Amino acid sequence: MADPATRMEDYYKILHHLREFKVDRQYPYSFESSDNVKPSCQLVAGSVHANLLRFTGLADDVIVIPTLQRDYFSIDTVEIKLTPGSELDPSKISLGFHDTMGAEVTLLTLQGSGDIISAGQSGAVTFKVNDQGMDPKSQLLSGIKSLSIHLDATLDSLDIIDIIFRNNSPVCTLESLDLGLIDGENYVRDGLQTDTLPESLLKYKYIAAAAMTWLTRWEHEGQVMGDGTQKSKNYADRLLGIVDRAIDTYKNTPADDNTDDGINEDLIGFSLI
């Protein structure tokens, strides 16, 4: 499987059609670039992702990391994996969520927890977003654009290896979305009887992927719960109906008219309600 941190945009395009589906984890930062990361750092080959972020000479610093801009309402915990150059107590770290790139406005601040991390050893700092309260703190995480890591410590160096947003009661995993995307793309290919998807139909592979992911979940619930699942199956049928109409419209449109805007979604009945 390709690095999921670099594929979150694909996953979100599927989840857009599965609004009630909570995924097991999200990667808000891809580790592909150090642009807009403050203070300046090195992008170094990593073991978890292609790269990690390496900072040196930190003393009560604030590290700002840009994220994929979106709402993160469904996360319960944040896990940051790192390797400090000096012993680090996770309680000396706090995490801020911001709806600006420069972290000027703070929507939520969380305190870190975890075991002491020895110098040169990799460990994890955990931040609890939601507890058993009636008002989940994650409801505040709208339009997040950056994270800030506040260090109440002096460190010779610090490698940030991974940043993971986790959900404690997911409906699906990123791996199941990967499988759904393969099946969804194959569904569109088979409908077109071609090996290459035209640009104007690329969006429909995500709708088909959502339908396949939904069906996988529906089958699992039907086996385990033994409850009525016809309504769930109907939703997948409706999604695939949208894809089928788009394929038919494309096949019945003269080649010169099949541009990126060649499919009028109003005419094929595009609706996810």
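Not measured: the values here are computed from a predicted model. Sequence positions, counted from 1, serve as the residue numbers for this chain.
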Participant: Side chains of Q26 and Y12: donor-acceptor distance under 3.5 Å anywhere?
Facilitator: yes

Participant: Got K128 and S113 here, is their nearest side-chain heavy-atom distance under 4.5 Å?
Facilitator: no

Participant: Does a side-chain heavy-atom distance below 4.5 Å link T154 with L58?
Facilitator: no

Participant: Check for me whether the distance between the ring centres of Y27 and Y29 falls short of 6.0 Å.
Facilitator: no

Participant: Taking only Lys NZ, Arg NE, NH1 and NH2, and the carboxylate oxygens of Asp or Glu, determine whether K145 and D99 approach each other closer than 4.0 Å.
Facilitator: no

Participant: Give a yes or no on whether the backbone of G102 and the side-chain of S146 come within a donor-acceptor separation of less than 3.5 Å.
Facilitator: no

Participant: Do L155 and L52 share a hydrophobic cluster, counting only Ile, Leu, Val, Met, Phe, Trp and Tyr and linking them when any side-chain heavy atoms are less than 4.5 Å apart?
Facilitator: no

Participant: Are any of the side-chain heavy atoms of W214 and D237 separated by less than 4.5 Å?
Facilitator: no

Participant: Using a 6.0 Å distance limit plus a 45 degree cone around the ring axis, check whether R25 lies over the aromatic ring of F165.
Facilitator: no

Participant: Answer yes if the side chains of D244 and Y187 hold a donor-acceptor pair under 3.5 Å, and no otherwise.
Facilitator: yes

Participant: Are any of the side-chain heavy atoms of R245 and D248 separated by less than 4.5 Å?
Facilitator: no

Participant: Does some side-chain heavy atom of I14 sit less than 4.5 Å from a side-chain heavy atom of F21?
Facilitator: no

Participant: State whether E9 and R7 are salt-bridged, where the test is any N-O pair (Lys NZ or Arg NE/NH1/NH2 against Asp/Glu carboxylate O) under 4.0 Å.
Facilitator: no

Participant: Using a 4.5 Å cut-off on heavy atoms from C-beta on, say whether the side chain of L192 contacts that of L201.
Facilitator: yes

Participant: Got L158 and T56 here, is their nearest side-chain heavy-atom distance under 4.5 Å?
Facilitator: no

